[in-house]
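Please read through the structure below; I'll follow up with questions.
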2 protein chains.
Amino acid sequence: MKLHLQIQMNEALYLRNPELSELGKKIIMHSVQLIYNYGFEAFTFKKLAEDVGTTEASVYRYFENKHKLLVYLTSWYWGWLEFQIGFHTNNIEDAEVKLKKVIRLLASTVEDDEKTNYVNESLLHQIVISEGSKAYLTKHVSEDNKQHFFKPYKDLCAVIGMMISEYSPNYKYPKSLASTIIEMAHFQNFFMRNLPALTDFGNSKEDTEVVLFLNDLVFSTIRM
Amino acid sequence: MKLHLQIQMNEALYLRNPELSELGKKIIMHSVQLIYNYGFEAFTFKKLAEDVGTTEASVYRYFENKHKLLVYLTSWYWGWLEFQIGFHTNNIEDAEVKLKKVIRLLASTVEDDEKTNYVNESLLHQIVISEGSKAYLTKHVSEDNKQHFFKPYKDLCAVIGMMISEYSPNYKYPKSLASTIIEMAHFQNFFMRNLPALTDFGNSKEDTEVVLFLNDLVFSTIRM
DNA sequence: TTAAAAATGATAGTATTACTATTATTTAAA
DNA sequence: TTTAAATAATAGTAATACTATCATTTTTAA
């Protein structure tokens with residue numbers, strides 16, 4: 001039996017739900033590939049339309065602009081990751097084991113998930129590393145926030161924050177530590193590959209090094 | 001006596017050195033103000049030219065494009081900050097005291113520096129918080145890196161990494177911890193103001209909270 | 001099964017952005 | 001004071017980020 005996983009998305013992110021049509025799914029599929037290839041700045045709806053084999057106008061019927069598409073894709077990723085975390089930490093009681101699983105899920109190379117047919121999680125993970133912060137580092141972050149565009153990110157942060165508090169109920173900064181883990185899982189990976197002088201893993205370039213760094217950071221901080 | 005401070009800049013960042021003419025200095029001054037007002041995406045050389053009271057063509061004689069201008073501004077900031085750190089930790093032996101000074105310098109509101117006449121460090125600090133990572137989160141980060149565009153950032157990271165190693169010679173990740181401190185000083189500040197659910201300082205919105213968080217993080221990690 | 005509705009394709013058009021080029025004029029240096 | 005360098009004024013181009021219109025195809029619902 002083949003299971004299918006659907007991530008619940010904020011309706012204000014799109015004009016037409018891309019999950020409900022072939023064209024919509026193609027737009028998602030190809031946008032992941034193209035943003036990965038070109039980077040977000042050089043990515044355009046014109047290129048996307050050509051790649052999909054449709055017109056620019058049709059793409060605009062799904063997404064108002066490329067910023068909302070980026071927010072859509074990153075939100076999808078955070079939602080998917082929260083599901084992964086729930087799945088992999090299910091039935092585990094030990095908060096330390098759970099947190100270590102979370103760090104590994106955040107900082108390891110993602111393999112394509114069979115349960116989602118039109119999203120390549122591996123590429124999407126790379127996009128979230130290189131482009132993810134551009135979703136909120138904007139002048140209109142507060143308006144976007146009012147429309148709950150960042151809820152999946154916040155939810156994930158809350159989940160991790162709760163695990164931290166479970167492990168160490170007196171620790172004063174569970175949410176800030178959670179957002180630090182999330183951001184650093186990605187930034188240390190980006191630095192390792194592109195600006196290795198900013199890390200201590202320039203030689204090996206292994207994801208596992210980032211995992212070890214974060215484990216050490218988190219547990220020396222919250223271990224009383 | 002009024003002292004003047006000059007930051008040595010990478011020549012590949014500009015076509016004409018903006019420090020050596022009135023127009024160049026105006027371009028720097030006004031670009032800081034405009035990027036602060038509009039955000040980097042909505043900032044254009046046309047708006048800049050109008051604001052300065054010159055033509056677009058003249059701005060292009062100084063900077064090839066707005067990306068290089070952003071790298072110029074952030075580099076300037078990192079250079080300036082490294083000078084600040086050198087100045088404020090001079091003659092201090094205790095590595096703990098030095099690191100705490102560094103964290104405070106990184107995570108506190110910056111006041112305008114009298115020693116530099118045409119750069120508003122306070123606004124530039126806000127720009128580095130909101131736009132700084134866009135300087136390296138690009139598809140061409142490696143080419144930019146080959147031209148040493150990120151040297152000031154790396155130098156700062158190295159300085160902080162050395163302080164960490166001085167305090168704790170056996171700690172395995174001094175450079176990664178240094179880049180974590182730098183990034184989190186800014187991200188936690190941004191989150192606190194714009195996405196407070198990602199932090200534990202949403203109520204107070206005080207810089208000092210970020211300082212306390214980072215002090216706790218760093219010293220519980222490197223204290224043996 | 002068919003008519004209406006919805007989605008898509010084809011095409012065109014606009015304002016803005018990100019530049020480059022040219023020539024005249026002003027300012028600075030030898 | 002002559003010459004060179006910098007700037008201003010103006011024009012122009014290709015690409016981007018859209019919006020609009022209308023014909024055609026596909027889907028849905030009566």
Side-chain angles (χ1 to χ4, degrees), chain A residues 9 11-31 34-35 37-73 118 131 134-135 138-140 143-144, chain B residues 9 11-31 34-35 37-73 118 131 134-135 138-140 143-144:
Chain A
M9 299 297 295
E11 291 182 12
L13 285 173
Y14 50 75
L15 297 169
R16 208 198 289 307
N17 190 338
E19 289 173 356
L20 301 181
S21 73
E22 279 313 305
L23 181 60
K25 288 179 207 165
K26 272 196 202 166
I27 286 172
I28 300 300
M29 253 171 68
H30 286 78
S31 66
L34 285 187
I35 295 174
N37 289 343
Y38 289 107
F40 186 65
E41 277 73 40
F43 164 82
T44 68
F45 274 8
K46 200 184 177 192
K47 285 172 188 162
L48 176 57
E50 273 164 29
D51 207 55
V52 167
T54 185
T55 59
E56 231 181 315
S58 290
V59 176
Y60 277 105
R61 285 193 195 100
Y62 283 85
F63 291 98
E64 247 179 277
N65 52 55
K66 68 175 188 170
H67 179 256
K68 288 206 174 169
L69 174 54
L70 179 67
V71 177
Y72 181 94
L73 293 176
Y118 58 95
E131 322 287 355
K134 295 170 193 168
T138 66
K139 212 62 200 179
H140 47 90
E143 292 97 81
D144 286 1
Chain B
M9 299 298 296
E11 291 183 11
L13 285 173
Y14 50 75
L15 298 169
R16 207 197 291 305
N17 190 338
E19 287 173 357
L20 302 182
S21 72
E22 278 313 305
L23 181 60
K25 287 180 207 166
K26 271 196 204 167
I27 286 172
I28 300 299
M29 251 171 69
H30 286 78
S31 65
L34 285 188
I35 294 174
N37 289 344
Y38 288 107
F40 185 64
E41 278 72 39
F43 164 82
T44 69
F45 274 10
K46 199 184 175 194
K47 285 173 189 161
L48 176 56
E50 272 163 30
D51 207 56
V52 167
T54 183
T55 61
E56 234 181 311
S58 290
V59 175
Y60 277 105
R61 282 191 202 102
Y62 282 86
F63 291 98
E64 248 180 278
N65 53 54
K66 69 175 186 170
H67 179 257
K68 288 206 174 169
L69 173 55
L70 179 66
V71 177
Y72 181 95
L73 293 177
Y118 60 93
E131 322 287 355
K134 295 170 191 168
T138 66
K139 212 62 201 179
H140 47 89
E143 293 95 82
D144 285 1

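All chains are named by letter (A, B, ...) in the order of the sequence lines, taking the proteins before the strands, and each is independently numbered beginning at 1. Hydrogens, waters and symmetry mates are skipped; everything else that's a heavy atom, side chains included, is used.
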Is the backbone N or O of B/G53 less than 3.5 Å from a side-chain atom of B/K26, with the two atoms forming a donor-acceptor pair by type? no

B/K46 atom NZ is separated from C/dT20 atom C1', nearest whole Å, by 16 Å

query = Over how many whole Å does the gap from A/E64 atom CD to D/dA20 atom C1' extend?
reply =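 Going from CD in A/E64 over to C1' in D/dA20 covers 16 Å.
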
Check this for me, if you would: do B/E41 and B/K134 make a salt bridge, where the nitrogen-to-carboxylate-oxygen distance has to be below 4.0 angstrom? yes

- Message: Taking any heavy-atom pair under 4.0 Å as a contact, classify B/E56: base, sugar-phosphate, or nothing.
- Response: base

Between A/R61 and A/F45, whichever has its closest DNA chain D nucleotide further toward 5' is A/F45

- Message: It should be established whether A/T54 places a side-chain nitrogen or oxygen under 4.0 Å from OP1 or OP2 of nucleotide C/dT8.
- Response: no

Whole angstrom is fine here: how far is it from CZ in B/F63 over to C1' in C/dC19?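 In whole Å, C/dC19 C1' and B/F63 CZ are 16 Å from each other.
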
Checking B/S21 against B/Y62: is there a side-chain donor and acceptor pair closer than 3.5 Å?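 Judged by distance alone, the side chains do pair up.
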
Given D/dT7, is OP1 or OP2 found less than 4.0 Å from the side-chain N or O atoms of B/S21?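 For D/dT7, OP1 or OP2 has a side-chain N or O of B/S21 closer than 4.0 Å.
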
### Query
What bend angle does the helix from C/dT1-D/dA30 to C/dA30-D/dT1 show across its length, from five-pair end axes and to the nearest 10 degrees?
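Inter-axis angle at the termini of the helix from C/dT1-D/dA30 to C/dA30-D/dT1: 20°.
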
#### Entry: Cation-pi check, A/K66 onto A/F43 ring (under 6.0 Å, within 45° of axis)
no

note: A/E19, atom CD; C/dA7, atom C1'; distance rounded to Å ~ 18 Å

Margin query: Without decimals, in angstroms, what is the distance between B/L23 CG and D/dA5 P?
Written below: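 Between P of D/dA5 and CG of B/L23: 18 Å.
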
* Asked: Toward the 5' end of DNA chain C, which comes first, A/R16 or B/K47, by nearest nucleotide?
  ->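 First, find each residue's nearest nucleotide; the 5'-ward one identifies A/R16.
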
>> Would you compute the distance between atom CE of B/M29 and atom CG of B/L34 and round it to the nearest 0.5 angstrom?
In response: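 Nearest 0.5 Å value for the CE-CG distance: 11.0 Å.
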
Value for CZ (A/R16) from CG (A/L23), rounded to nearest 0.5 Å, stands at 8.5 Å

field: Spacing of B/E50 atom CD relative to C/dT17 atom C1', expressed in whole Å
entry: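 The distance from CD of B/E50 to C1' of C/dT17 comes to 13 Å, rounded to the nearest Å.
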
Can you figure out which of C/dT8, D/dT16, D/dA17 approaches the side chain of A/Y60 most closely?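 Closest nucleotide to the A/Y60 side chain: D/dA17.
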
- Item | For atom CG of A/L48 and atom C1' of D/dC18, their distance in whole Å |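 Answer to the nearest Å: 15 Å.
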
**Prompt:** Just checking B/Y62: base, sugar-phosphate only, or nothing, at a heavy-atom cut-off of under 4.0 Å?
**Reply:** sugar-phosphate

Tightest non-hydrogen contact, residues B/I35 and B/E131, listed as CG2-CG, 4.2 Å

**Asked** So does A/S58 get a side-chain nitrogen or oxygen closer than 4.0 Å to the phosphate oxygens (OP1/OP2) of C/dG9?
**Response** yes

Closest of C/dC19, D/dA6, D/dA8 to the B/N65 side chain is C/dC19

From CZ of B/F43 across to P of C/dT16 the rounded distance in Å is 18 Å

- [ ] Pick base, sugar-phosphate or nothing for A/K66, based on heavy-atom distances below 4.0 Å to the nucleic acid.
- [x] sugar-phosphate

Item to complete: Give the nucleotide from the list C/dA21, C/dT17, D/dT16 with an atom nearest to the side chain of B/A57.
Response: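 Given the options C/dA21, C/dT17, D/dT16, the side chain of B/A57 is closest to C/dA21.
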
For B/L69 and B/S31, the nearest pair of non-hydrogen atoms, with its separation, is CD2-CB, 3.7 Å

